[in-house]
Structures are given as C-alpha cells and as structure tokens.
Enquirer: 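Have a look at this one.
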Amino acid sequence: MRLEFSDVAAGYGAGPPVLTGMSFSLGPGLWLVTGPNGSGKTTLLRCAAGILPPRAGQVRLGAVDAQADPIAYRWHLGYAPQELLDLPETRAKAYLTYLAALKGVRPAFRGKRVAAVMDQVGLSDGAIDAYSTGMRRRLVLAAALLNDPDLLLLDEPTQDLDPAELVQLRMLLAELSADRIVLVATNLPDALSGGASGCLQITAGGVSWRGD
Amino acid sequence: MTRDQADLIRELTSREATGGPGHTEDAGLTAAEAEAVLNRLAGHLVPQPTTAETAALINRLRPLLPRPAARRFRTSGLSREPLAHFLRTQLHHFRPLWWLASLGFVLLGLGAGSFLADWGLSPAVLAPPLIIGGVLYSFHSLRGAALELELSCPVTPAQVALGRILVPLLYCLVLGALPVLAGTITSGPAVLVAPAPAFLPSAILAVRLFLGWAAALFLFAGLMLTLTLHFGTYTAAGLSTALWAGLAGLHRLPLSPFSLSHGALWTPLQVGGLTAGLLLLCAALRGDRLRRWVERRGR
C-alpha cells in the first residue's frame, strides 16, 4: 500500500493555499517531514488525515481516494495531532474507549485494545487534565494506534517528551514502520532519523527535497 | 595449530631463506619461534565466538530489537459498521451531573408552574435554556485535538455534529413530556390548565403544550448549532440566551412563542417554529458549512 499525493493544493478558508501542487509517493517505512515553521507540515498531515480536503489534486492510499471515499480512507489511518487533548473531567481509558468505538473497534475487543495501546505507549489510566504534557503526547499517539492503522500520521510526536520517552518512541516507530506507512512531521529530524526510510523537506508548500 | 597459523609460519620462515632487499626484522624467526609467538598472540586475542554462542547472544538481545507489529488486530478486531453504535457512544460525553441538572431544571420549572402562568408564560419558555445548556455542554469539548481526532475516524463531520446534538435534543424532548404528562394525568399544575379554554379536552391541551415545547426546542437547537459552527460554542450560547431573554420579555404579545394566550395563529406559528428549527439543523449539517467549520476550528 502506498500513500500518494498528486498535485495537491490545500489551504484554510479563503486564505492563500498553504500547499501548492504537492506530489509524492511513499511506501511502508518511517518517513520524516521537515521544514521551517509555517512551511505546511501540519497542513500536509491534515490533508493526509482526510481532515482538510484538498482544493485541487488527489490524495490516495492504495486504491482508496481520500475525497471520493473518505470513510473507507479514514478506516485505514491513525492520526495524532500536534495539539494536546484538553478534556477536563475525562479519564484517558474512557476517552480511548469512546474513540475505539468511533474507529470501529468491535465492542468485545475494545477493552483489550485500549489496554494494549496504553501499554504500547507506556501510559496508565488517569484523569487527562492531571497528565503531564509528555503523557498527553503519548495519549494522542495511543489514540492514533487504536485501529492498528495502515497509515500512521504523527504531528510533532517528539514535542514534550523526555529523553527516556524519546527512546521509547524511537523503538515504537521502528516497530510500527516495519509494515506500514508512518509519516512524521517534525522540527527535530535528528531525534528520529536513525530508523527513518526517508525524509521530505517542505518549503513554501511544496516538496523541495526528498532523501530516501 | 590452525591452518591459518601454519600458513603464516610457512610465510615467515620462507622470508628467512630468501633474504635480499625485502629482508625484514621478522624474517629471522625459525619455525618454532614463529609458532611460539603466534601461540602467545593467540592467548591475547579475543576468542572468536562459535555459532552457538552467537545464536545465544542474539536470543538474549532479541527482546530489545524492533519487531514488526502484530497486525492480526486489523483483520479480526474491527467492524465495518461503527455507526451502529454511534449514538450510544455519544453518551460518553454526558456526565451524570448533566442528566440530573437538566432534570432538576425541568422539575424546578414544574414547581414554578403557577408562577410562570401568573406571568402569562408558557412552559415552553424553559426549553431554550435547557437546549442551550445541553448543546454548550456537548460541544464545548469538541475543539482542538479532540475535534481532529474525531474527524480522523471513519465518520463524517455531519455525523460528529449530529451525534453531539442528538443526545441533548432527544433528552430535552423527553423532559418536555414530563410536565405535559404530569399536567394531563393529574390536571394539577395551574400552568397547564390556566390557558385552557373550558371546552378543550386535556389531551388536545397536552398536544398543544408539547408542540410549543418541541417548537422552542428545535428552533433553539438549530440556532445553537448554526451559531456554534460559525462563532464557537460560547458566543453561540450568549447570542441564543440573549434572543431567549428578548422573546420571553415579549411574551405578552399574542404571537410570542412563550405566550400563554393561544390565538388563532398560535398553532401555525408553533409549526413554523418547529419547521424553522429543523431547517436550521439540516442547513447547519450541510457538507460545505461543516467544511468551513472544520477549517476554522482546525487552523
């Protein structure tokens, strides 16, 4: 399965496009998206997550077109946004169970699956507003993993992590990228470059350099 | 002696025989000396691991190596019908406190029924604050990362928005039936009997009261959703509350939705309010409207 962007243009509201004619094709592996702030990394990931429909061009995952069949497309993906969850009076396990239901995890599997992803990211249950920023970062990662996605999109996953958490994240990404596409937007590519299959440098809304 | 060592000794001793311009320091060794030197060197070298030792080392390190993820879960743990439980999953957002507070508000209104009637207010005046509070409670957490996470699930933005508003809407509708039922069964509270002409059967009165309640509920639900998608939940709640207060203040007008005096145009007006509410809900859930909402909230 490959993620393909074909001449994708995208932006917010009536504003100027953030992505302009972006094209690339990625196979399974760990891919880093780097670039200066405002270059379009987050917009690229939102487009790939099907949250921000492109103004022009096509986003495809294998044979599934993100615009023509958005539900089938989202079925395959897991997305961890850059922003952290701010949900007062909500416990992590309850929230993940709710998301698992939205992601189509069968009721009989939900409890086990939530426990498995929490274990995978090294998180124990607790009130989300009592979590540290590093724990909240791991919580959005756990949310992205709930449906065992074919395409995993992580926006700045290294932010707020301490060195030990960073090592765990590296190992987890190495494990996950063995048989799926993991696309990571980051300002700190050095932290994850060890196991990366390649890197896309984004400048002014387009891929200015690609290294495999 | 290994075969490599024997070759090396042969090479070193053969240089002794040739001598000449290529003569070096080590060329003066006899075969026995060379063997002794090599044996001593072998004692200082790190021993080459055997195949079994290498395998044992790999086995010890294996837990630390990155492993391919077990992908069995995708094939067995996912169901292609997440919408079957969609509405039920929305209940997650509503804490017991909200259910109880809403019920308490209606019971309080029921208790204050005669007071409302004295002021010429219909029980429908309680519906807007109830649904405004419900939508505010339901949507206030749907922002930032939570919104992005939900929208990356295999559901449409319309389903996300509809799911959030449906629970408070249905609950408020059921709550509206409480004072109506209580009134028709017991013919008790003055609020229910006050506007009734003497010839009107209590069942028809109940339907009219419920129609008034439902019209106010749907109108303000549609308004809240539309304003929420445009301006955010708190601004929407503020604007809707201001409109509710204004309409309640004008209740002495015969056509006010909260007036007790049921003129000839009262029923068509309530049906109109109900229809307008439904249209507002449908318009708010249109794809392009939601797309702008997603873009604005996600920016």
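Here is the naming used below: chain letters follow the sequence lines, and residue numbers restart at 1 for every chain.
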Enquirer: Identify the two heavy atoms, one from A:L99 and one from B:E150, that lie closest to each other, and give their separation to 0.1 Å.
Expert: CD2-CG, 4.3 Å

Enquirer: Measuring from B:S152:OG to A:N147:CG, what's the distance to the nearest 0.5 Å?
Expert: 8.5 Å

Enquirer: Identify the heavy atoms of A:R74 and B:C153 that sit nearest to each other, and give their distance.
Expert: CD-O, 3.0 Å

Enquirer: Measuring from atom CD1 of A:I51 to atom CG of B:L147, what distance do you get when rounded to the nearest 0.5 angstrom?
Expert: 7.5 Å

Enquirer: Which of residues 84-93 of chain A have a heavy atom under 4.5 Å from any heavy atom of chain B?
Expert: A:L84, A:L85, A:D86, A:L87, A:E89, A:T90

Enquirer: Under the criterion side-chain contact (heavy atoms from CB on, under 4.5 Å), I'd like the reasoning laid out for B:E148 against A:Q82: C-alpha separation, chi angles, the key distance, then a yes or no.
Expert: CA-CA 10 Å; B:E148 289 197 79; A:Q82 181 179 7; over 6 Å; no

Enquirer: Closest heavy-atom contact between B:A145 and A:E83?
Expert: CB-O, 3.3 Å

Enquirer: Can you say whether A:Y95 sits under 4.5 Å from chain B via the side chain, the backbone, both, or neither, judging by heavy atoms?
Expert: both

